[in-house]
Asks: 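Quick one: this structure, given as structure tokens, is what I'll be asking you about.
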Amino acid sequence: MSRVRSEQLFSDAKLVMPGGVNSPARAWGAVGGSPIFFEKAAGSSIWDVDGNELVDYVCSWGPMILGHANPAVIDAAIDAARAGTSFGAPTELEVEMSRRVVDAVPSIEVIRFVSSGTEATMSALRLARAKTGRNKIIKFRGGYHGHEDALLVEAGSGLASQGIASSSGVHPGYAASTLVSEYNDLESVKSLLESNLGEVAAVIVEPIAGNMGVVLPADGFLEGLRGLTHEHGCLLIFDEVISGFRVAFGGAQSSLGVMPDITCLGKIIGGGFPVGAYGASAEIMSEVAPLGSMYQAGTLSGNPVAMAAGIATLDELARPGVYEDLQDTTDKLADGVTNVFAEAGIPVVINRACGLMTVFFSNIQVTDMETASVSDGDAYGRFFHQMVENGVYLPPSQYEAWFISTAHTAKNIKSTLEAVDRSLIA
Ligand code: KE4
């Protein structure tokens, strides 16, 4: 597969952007080689600048749950743009979008839109500190919540891939206020809460983790976090930037039945445009300016084009049967991949949730960052490159999720399984 144009563009890009990219996760640091440059996508397909078509399981890291260039989303965005792209003033579209999220996500009564998942989690932390008057935060090793200083400690996603447990430039005071626990280990949370009695403002968790690769909450883990945070008077923050409107229309909190105090959203709710959001009960959100004293603002927050794309996306997802079909596609892919590896005698562990999966090159169950990090990243890298050569674009890191869309067809699953088979023989 010729990628001459991609390679040329990457050389040009490295002269004018750090590492040639606008986000480290795109740089292929974990798998080696030069990243592919893409120029168009439709449905489950994506085309690179050399004209090669691939089946896409990155899907912009989650937003493209309806597949790329969904006609309803594109038409909504174009219509909104023609009416003006930004006013910096309230619009009906924001009310319509807010209503949809409030109606869908059980724990949210009031919501504030921002422009990224990072802004959502950053604001959620500030809100928790404002509400409790406390400063410390508990997060989980391997959890990634965007590049907010306080959360760039033992993070997952691109940081885990690059072996940077904490970023340079983070104020030592931030790191000191961030306590790190182990995912699925309630005892580690209990002990941190007890040794920091009355000082923890919130526990932030991905209720279904996607940044260690996909890792599911053990039975009772989320319920346990809910009990411990109630007991210690701190807030529980669900970072549903990946899982929101993906694992279920109401997010992991609706499918798993555990209600957080604050929910962070992003990705899907923007339909491919820059959107994040944080929401909670009306009482908690009354802390947020201009109602309360917790300040947070944004020039393009609630942008009308992004709201229109988000509304169109949620309206498509609200149709009957969408999540049953997405779960079915996920299961067909995960079961098929399991069988191909088993027939090849190659041990892998596959974790899945509706619309998400990860193939860990390992023979031990993956339940946290420690067990994820035992995986053979080099083997994943070789597999990644073979799959690209066989027409399938996977996340360029062992510590990311494969994102499955409603546009992935039975034909895509068949060709993907054939590509896996050919990749293992190579
Ligand atoms: P953004 O600021 O990238 O919109 O969202 C940050 C974020 C917050 N919370 C969770 C659970 C997330 O997964 C993310 C971002 N996800 C990564 C991929 N794992 C985005 C890809 C990238 O950083 O380029």
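Indexing begins at 1, ligand by ligand and atom by atom, following the structure's order.
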Asks: Should the proximity of Glu119 to ligand 1, defined as any heavy atom under 4.0 Å, be assigned to the side chain, the backbone, both, or neither?
Replies: neither

Asks: What about Asp239: any of its N or O atoms under 3.5 Å from an N or O on ligand 1?
Replies: yes

Asks: Taking 4.0 angstrom as the limit and counting only heavy atoms of Asn211, give me the atoms of ligand 1 inside it, by number and element.
Replies: 10 (C), 11 (C), 12 (C), 13 (O), 18 (C), 19 (N)

Asks: At a 4.0 Å threshold, what atoms of ligand 1 neighbour a non-hydrogen atom of Ile242?
Replies: 13 (O)

Asks: Report the member of Glu240, His147, Glu400 with the shortest heavy-atom distance to atom 18 (C) of ligand 1.
Replies: Glu400

Asks: Could you check whether atom 3 (O) of ligand 1 has a protein contact, counting only heavy atoms that fall below 4.0 angstrom?
Replies: no

Asks: Before we go on, tell me: are the rings of Phe38 and Tyr393 under 6.0 Å apart, centre to centre?
Replies: yes

Asks: Within the 4.0 Å heavy-atom shell around Ser23, which atoms of ligand 1 are there?
Replies: 22 (C), 23 (O), 24 (O)

Asks: Considering the heavy atoms of His145, write down every atom of ligand 1 situated less than 4.0 Å from one of them.
Replies: 7 (C), 8 (C), 9 (N)

Asks: Of the options Val258, Leu186, Leu236, Ile208, which is the one that meets Leu222 in a side chain to side chain contact (heavy atoms under 4.5 Å, CB included)?
Replies: Val258

Asks: If you apply the rule salt bridge (Lys or Arg N to Asp or Glu O under 4.0 Å), what do you find for Lys332 with Asp328, and how did you get there?
Replies: CA-CA 6 Å; Lys332 284 190 167 63; Asp328 184 53; 2.7 Å; yes

Asks: What atoms of ligand 1 come closer than 4.0 angstrom to any heavy atom of Tyr144?
Replies: 9 (N), 10 (C), 11 (C), 12 (C), 14 (C), 15 (C)

Asks: Just wondering, more than 12 heavy atoms not from Glu370 lying within 6.0 Å of its CD?
Replies: no

Asks: Just jot down the ligand 1 atoms closer than 4.0 angstrom to any heavy atom of Trp61, in number order.
Replies: 18 (C), 21 (C)

Asks: Is the His385 to Trp28 ring centre distance short of 6.0 Å?
Replies: yes

Asks: Does Phe87 have more than 12 heavy atoms from other residues, nucleotides or ligands lying within 6.0 Å of its CZ?
Replies: yes

Asks: Would you mind listing which atoms of ligand 1 come within a distance below 4.0 Å of any non-hydrogen atom of Glu206?
Replies: 11 (C)

Asks: Return yes when atom NE2 of His147 has more than 12 non-hydrogen atoms of other residues, nucleotides or ligands closer than 6.0 Å, and no otherwise.
Replies: no

Asks: Where is the tightest heavy-atom contact between Ala297 and Glu119, given as atom of each residue plus distance?
Replies: O-OE2, 4.0 Å

Asks: Which residue and non-hydrogen atom of the protein lie closest to atom 20 (C) of ligand 1, and at what distance in Å?
Replies: Lys267 NZ, 3.5 Å

Asks: Could you tell me if Thr338 and Asp335 have a donor-acceptor pair between their side chains, going purely by distance under 3.5 Å?
Replies: no

Asks: State whether the shortest distance between N or O atoms of Gly117 and N or O atoms of ligand 1 falls below 3.5 angstrom.
Replies: yes

Asks: Among Val189, Leu235, Ile137, Leu179, which one satisfies side chain to side chain contact (heavy atoms under 4.5 Å, CB included) with Val200?
Replies: Leu179

Asks: Closer than 4.0 Å to some heavy atom of Ala25 - which atoms of ligand 1 meet that?
Replies: 22 (C), 24 (O)

Asks: Any idea which protein heavy atom is nearest atom 6 (C) of ligand 1, and the distance to it?
Replies: Gly146 CA, 3.5 Å

